[in-house]
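Have a look at the structure below before the remarks.
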2 protein chains.
Amino acid sequence: MNLTKAWDILKENGFKETSKRQQILELFSKDDRYLTARDLLDVMQKDYPSMSYDTVYRNLATFVSLGILEETELSGERHFRMHCESDQHHHHFICMDCGKIKEIPVCPMDMLGAALPAYEIDNHKFEIYGKCPECK
Amino acid sequence: MNLTKAWDILKENGFKETSKRQQILELFSKDDRYLTARDLLDVMQKDYPSMSYDTVYRNLATFVSLGILEETELSGERHFRMHCESDQHHHHFICMDCGKIKEIPVCPMDMLGAALPAYEIDNHKFEIYGKCPECK
DNA sequence: ATGTAAATCGTAATTATTATTATTTAGAAA
DNA sequence: TTTCTAAATAATAATAATTACGATTTACAT
């Protein structure tokens with residue numbers, strides 16, 4: 001997901017092009033790892049002191065709902081990162097040190113297709129946690 | 001996990017047998033689904049009005065660290081339930097209506113054994129969410 | 001029975017998140 | 001370009017989950 005693509009999505013959905021959104025998206029573009037709302041706010045407020053909680057949380061929610069960002073829960077906190085490019089369904093290895101991810105093309109649901117016939121399956125989560133080669 | 005087993009573990013680790021622990025464990029034994037700390041506190045305070053936040057959260061943390069309870073994050077909230085009996089590693093289908101679970105004996109890590117040689121794998125999570133036959 | 005560390009209670013503090021209101025701004029329309 | 005209006009934002013307050021603290025009580029070893 002690059003900036004142009006993100007703005008296309010925002011425009012398609014009638015959202016305005018604001019400097020704060022630009023700043024947030026630029027940060028996520030440059031720094032492709034999982035960040036908490038607090039991480040984001042701390043970094044942003046260095047360069048742009050007037051950035052409020054409301055703006056951060058509201059835009060994070062907007063971006064997630066539009067598929068620009070993806071969200072997961074790590075160590076009890078919500079984390080966000082740019083949604084990856086690849087179209088195919090996949091999962092993630094997540095480095096618990098630096099937050100970087102590696103795509104895992106395998107999906108375990110493929111192997112349990114009809115294993116739960118009486119159940120309604122709405123969603124699933126498969127994540128692998130550890131240390132990436134750089135942090136190991 | 002039954003009450004006797006839970007108490008064995010607590011005793012082995014030098015924890016005292018208190019009435020509050022008994023009350024909490026009995027509730028989880030009877031009601032084998034995922035509950036939030038708040039759910040627990042609300043139910044407990046009906047029968048035992050003097051049950052403080054501190055006691056609930058402290059014991060939940062203790063029980064999780066000893067493997068008596070297991071914990072997961074559902075809809076943005078921490079949930080707890082009795083750790084299941086079965087010794088073999090497994091995963092869960094979780095009903096998002098009633099919180100009941102179904103064991104999934106398959107583990108996706110089996111199929112990615114050596115797929116990430118340069119990475120240190122510390123943990124993983126695989127959960128399936130939806131509605132159980134009763135709630136569907 | 002007694003002593004002591006652990007556990008609990010009642011409450012306060014902390015932290016993440018959401019909500020509110022006044023003000024500002026992007027983008028459309030005149 | 002100027003003006004208008006809904007959307008976005010800032011500043012702050014409110015809410016909710018969780019953790020922390022000091023005083024008191026309790027389990028259990030001696």
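Bear in mind that the values here come from a model prediction, so they are computed numbers and not experimental data. Residue numbers start from 1 in every chain, and the chains themselves are labelled A, B, ... in the order their sequence lines are given, proteins ahead of strands.
- Remark: A:Asp42 engages no residue in a salt bridge (Lys or Arg N to Asp or Glu O under 4.0 Å) (not counting sequence neighbours).
- Here B:Arg58 does not reach the OP1 or OP2 of C:dA7: none of its side-chain N or O atoms lies under 4.0 Å away.
- The distance between atom CG of B:Asn59 and atom C1' of C:dC9, rounded to the nearest whole Å, is 13 Å.
- The interatomic distance linking A:Glu73 (CD) with D:dA17 (P) rounds to 14 Å, in whole Å.
- Within the structure, side chain to side chain donor-acceptor pair (under 3.5 Å) contacts touching residues 100-128 of chain B (residues at least two apart or in different chains) are B:Thr72-B:Lys125, B:Thr72-B:Glu127, B:Ser86-B:Glu103, B:His89-B:His124, B:His91-B:His124, B:Glu127-B:Tyr129.
- With sequence neighbours left out, A:Asp97 forms a salt bridge (Lys or Arg N to Asp or Glu O under 4.0 Å) with no residue at all.
- With sequence neighbours excluded, the residues that form a side chain to side chain contact (heavy atoms under 4.5 Å, CB included) with A:Val106 are A:Ile104, A:Met111, B:Leu112.
- Taking atom CD of residue A:Gln23 and atom P of nucleotide D:dA8, one finds them 16 Å apart after rounding to whole Å.
- Taking the side chain to side chain contact (heavy atoms under 4.5 Å, CB included) definition, one finds that A:Arg81 meets it with A:Asp32, A:Tyr34, A:Glu70, A:Cys84, A:His92, A:Ile101, sequence neighbours left out.
- For the pair B:Leu60 CG and C:dA7 P, the interatomic distance rounds to 15 Å; values are reported in whole Å.
- Donor-acceptor pairing under 3.5 Å is recorded for the side chains of B:Asp39 and B:Thr36.
- Residues meeting the salt bridge (Lys or Arg N to Asp or Glu O under 4.0 Å) test with B:Asp8, sequence neighbours left out: none.
- Across the protein-nucleic acid pair, A:Asp39 atom CG and C:dT15 atom C1' stand 14 Å apart, rounded to whole Å.
- Residues from residues 61-68 of chain B that place a heavy atom under 4.0 Å from any atom of DNA chain C: there are none.
- Side chains of B:Thr55 and B:Ser52: a donor-acceptor N/O pair is present below 3.5 angstrom, by distance only.
- Residues from residues 41-52 of chain B that place a heavy atom under 4.0 Å from any atom of DNA chain C, listed by number: B:Ser50, B:Met51, B:Ser52.
- For B:Ser50, the side chain to side chain contact (heavy atoms under 4.5 Å, CB included) test picks out B:Lys20, with sequence neighbours left out.
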Subject >> Contact pattern, 5' to 3', of nucleotides 18-30 of chain D - B, S or - by protein heavy atom under 4.0 Å >> reply: BBBB-----BS--
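- Listed by chain and number, the residues in a side chain to side chain contact (heavy atoms under 4.5 Å, CB included) with B:Lys11 are B:Glu17 (sequence neighbours excluded).
- With sequence neighbours left out, A:Arg21 forms a salt bridge (Lys or Arg N to Asp or Glu O under 4.0 Å) with no residue at all.
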